[in-house]
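Here is the structure we will look at.
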Amino acid sequence: MLVEQVEQWIGTDVVDPEGYAVGKLTEVYYRGADPVLIGARGGRLSRKRILIPLEGASVARDYLRIAFPADRLVQTKSSDDELNAEDLAAVADHYGAAHTAMPDELEGSKAR
């Protein structure tokens, strides 16, 4: 998955491995040049952001397919696109230590 391709997918549907709709892609977070995490929002009234590692994700013509089931995703307490230590700790706790990061290690695509 190329960096340029991922940024172009903002606003696209995000689906789980079974094709269940998770929400719309709202942000891509990078560690250096590598996209490692995405933010998505589900439903029209949802203010909560869902953070999902890009590990195992793939793109198709009309959607981004993630590797995690929709019912096993972690929602953050904050609703904005800025990452904070609490959000990233929740990601690491939920998806495993391989996804541990500090806010200053990741940069959002909107900040680029």
Side-chain angles (χ1 to χ4, degrees):
M1 187 177 312
L2 298 175
V3 172
E4 296 82 13
Q5 291 174 327
V6 176
E7 284 188 28
Q8 292 173 358
W9 285 88
I10 291 179
T12 301
D13 291 327
V14 176
V15 299
D16 77 354
E18 301 297 319
Y20 181 78
V22 171
K24 298 276 186 189
L25 179 64
T26 59
E27 182 65 287
V28 180
Y29 300 98
Y30 296 87
R31 179 178 283 132
D34 299 322
V36 294
L37 192 66
I38 61 168
R41 293 193 196 283
R44 292 183 187 178
L45 301 177
S46 178
R47 300 274 184 223
K48 297 292 182 183
R49 173 185 55 190
I50 304 164
L51 290 175
I52 310 158
L54 273 174
E55 175 185 0
S58 62
V59 291
R61 186 173 188 186
D62 298 323
Y63 57 83
L64 172 70
R65 184 180 305 274
I66 57 172
F68 301 93
D71 62 349
R72 308 241 3 230
L73 302 176
V74 64
Q75 284 190 354
T76 62
K77 292 183 179 179
S78 61
S79 60
D80 60 6
D81 287 327
E82 292 295 317
L83 292 176
N84 61 46
E86 185 177 354
D87 294 341
L88 292 174
V91 168
D93 288 346
H94 191 77
Y95 299 109
H99 303 289
T100 301
M102 297 302 296
D104 60 344
E105 293 177 322
L106 300 178
E107 179 182 28
S109 61
K110 294 176 185 173
R112 290 182 155 222

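Position 1 is the first residue of the sequence; numbering continues from there.
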For [X] and [Y], work out which heavy atoms get closest and say how close.
X: Ile66; Y: Val22; value: CD1-CG2, 4.1 Å
X: Pro53; Y: Leu37; value: N-CD1, 3.6 Å
X: Val14; Y: Ala40; value: CG2-CB, 4.3 Å
X: Ser109; Y: Tyr30; value: CB-CE1, 3.8 Å
X: Tyr29; Y: Gly108; value: CD2-CA, 3.8 Å
X: Asp16; Y: Phe68; value: CB-O, 3.4 Å

Check: [Y] and [X] side chains under 4.5 Å, non-hydrogen atoms:
X: Leu51; Y: Leu83; value: yes
X: Tyr95; Y: Leu73; value: yes
X: Gln75; Y: Arg49; value: no

Worksheet item: Which residue, Val59, Val15, Ile52, Ile10, forms the side chain to side chain contact (heavy atoms under 4.5 Å, CB included) with Leu64?
Response: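 Of the listed residues Val59, Val15, Ile52, Ile10, the side chain to side chain contact (heavy atoms under 4.5 Å, CB included) partner of Leu64 is Val59.
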Worksheet item: Please walk me through it: do Leu54 and Asp34 pass side chain to side chain contact (heavy atoms under 4.5 Å, CB included)?
Response: CA-CA 10 Å; Leu54 273 174; Asp34 299 322; over 6 Å; no
Worksheet item: Between Asp13 and Lys24, does at least one N-O distance fall below 4.0 Å, as a salt bridge requires?
Response: yes
Worksheet item: Shared ILVMFWY cluster between Trp9 and Tyr63, side chains joined below 4.5 angstrom?
Response: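 Different clusters: Trp9 never reaches Tyr63 through Ile, Leu, Val, Met, Phe, Trp or Tyr contacts under 4.5 Å.
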